[in-house]
Amino acid sequence: MSSFRIYHLLLGAAVAAAYFTAESTGLPHAWIGYGVAVLVALRLGLGLVGKAGFGWQRLRLRQAGRNPGPTPLTHPLVGRALTLALLLCVATAAGTGIAMDRGGTLVGQSIRASAEGEHQRHEQGRRDENLVEEVHETAGNALLPLVIVHLLWMLIARRDLALFVLFWPRRRRTTVAGASIS
């Protein structure tokens, strides 16, 4: 099993868990958010060291001259733009979540979990926190439509890769003589 498939599965599961726990669950949401941040940092680190499947060329929005796709919808730039938008959205949600928590969850003092933290937030300027919270919520809410568009695009334009990442078994084509061809 490739490391990209495992990474994709872990990131997808963590983002889905963070999305569905929302902020009302407090500590579970915060811990999952820190996990997502670690996975995003891992993705960026693997891209820096050139790990196969994680290279920066997958995120660069440059013209792909050799394989433009049969239609504009299936052009590789569409896939790259979706991947970049998803990564930026996830990174923004994770980063703003950490900014709101101020590392409190890591030391057992989550600001969301204590009334004292609520009082401190009011004293330190609620307007700035409201902006960070709004960015966090907007990034989180943008994830669902982005994921849906990403899935649909992958199934339309890159069906073979989508099925591979989703652990679907490869279909084998057979010749007239019955010999298997991959």
Side-chain angles (χ1 to χ4, degrees), residues 2-25 28-65 67-69 72-106 111-112 127-159 161-162 164-166:
S2 76
S3 57
F4 180 78
R5 288 168 72 181
I6 294 169
Y7 173 82
H8 194 268
L9 177 68
L10 289 173
L11 183 63
V15 168
Y19 182 84
F20 289 113
T21 58
E23 295 177 29
S24 62
T25 60
H29 181 75
W31 276 110
I32 293 167
Y34 277 105
V36 169
V38 167
L39 288 170
V40 169
L42 178 65
R43 165 65 174 98
L44 297 175
L46 290 171
L48 283 174
V49 298
K51 175 79 173 150
F54 295 92
W56 290 102
Q57 71 274 11
R58 290 182 180 261
L59 301 176
R60 289 184 23 213
L61 294 177
R62 59 177 168 71
Q63 185 67 13
N67 186 14
L73 178 65
T74 60
H75 197 284
L77 286 178
V78 175
R80 288 183 186 152
L82 283 170
T83 301
L84 186 59
L86 277 167
L87 188 59
L88 289 173
C89 199
V90 168
T92 299
T96 54
I98 290 170
M100 289 187 307
D101 186 55
R102 296 187 189 116
T105 299
L106 296 176
I111 291 172
R112 293 215 179 277
R127 190 172 65 203
D128 291 341
E129 287 249 344
N130 279 340
L131 177 63
V132 173
E133 285 180 22
E134 286 300 318
V135 171
H136 180 73
E137 190 173 322
T138 301
N141 288 337
L143 279 171
L144 187 60
L146 276 173
V147 167
I148 290 170
V149 170
H150 174 69
L151 287 171
L152 289 174
W153 185 84
M154 288 295 294
L155 288 172
I156 291 168
R158 302 289 309 271
R159 185 174 181 82
L161 183 60
F164 170 76
V165 170
L166 295 172

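Being a predicted model, the structure only gives us computed values, none of them experimental.
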So how far is it from [X] [atom1] to [Y] [atom2], rounded to the nearest 0.5 Å?
X	Y	atom1	atom2	value
Leu152	Leu82	CG	CG	10.0 Å
Leu143	Thr138	CG	OG1	11.0 Å
Arg5	Leu10	CZ	CG	13.0 Å

Margin query: Does the plane of the ring in His136 sit parallel, tilted or perpendicular to the ring in His29? Use 30° and 60° as the thresholds.
Written below: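 If you compare the ring of His136 with that of His29, the planes turn out perpendicular.
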Check: Sequence neighbours excluded, which residues qualify as side chain to side chain contact (heavy atoms under 4.5 Å, CB included) partners of Leu151?
Finding: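 In terms of side chain to side chain contact (heavy atoms under 4.5 Å, CB included), with neighbours along the sequence ignored, Leu151 is linked to Val147.
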Next item on the list: Could you pull out all residues at least two apart from Leu144 that satisfy side chain to side chain contact (heavy atoms under 4.5 Å, CB included)?
Entry: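 Applying side chain to side chain contact (heavy atoms under 4.5 Å, CB included) to Leu144 gives Tyr19, Ile148.
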For residues 32-42, dump all side-chain donor-acceptor pairs below 3.5 Å to protein atoms at least two apart in sequence or in another chain.
unit_1	atom_1	unit_2	atom_2	d
Tyr34	OH	Asp101	OD2	2.8
Tyr34	OH	Gly103	N	3.2

Margin query: Please give me the minimum heavy-atom distance between Val132 and Ala99, naming the atom from each residue.
Written below: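 Heavy atoms only, the tightest pair is CG1-CB, 4.3 Å.
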Next item on the list: Write down the atom of Ala18, the atom of Thr21, and the distance for their closest heavy-atom approach.
Entry: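 Of all heavy-atom pairs spanning Ala18 and Thr21, the closest is O-OG1, 3.2 Å.
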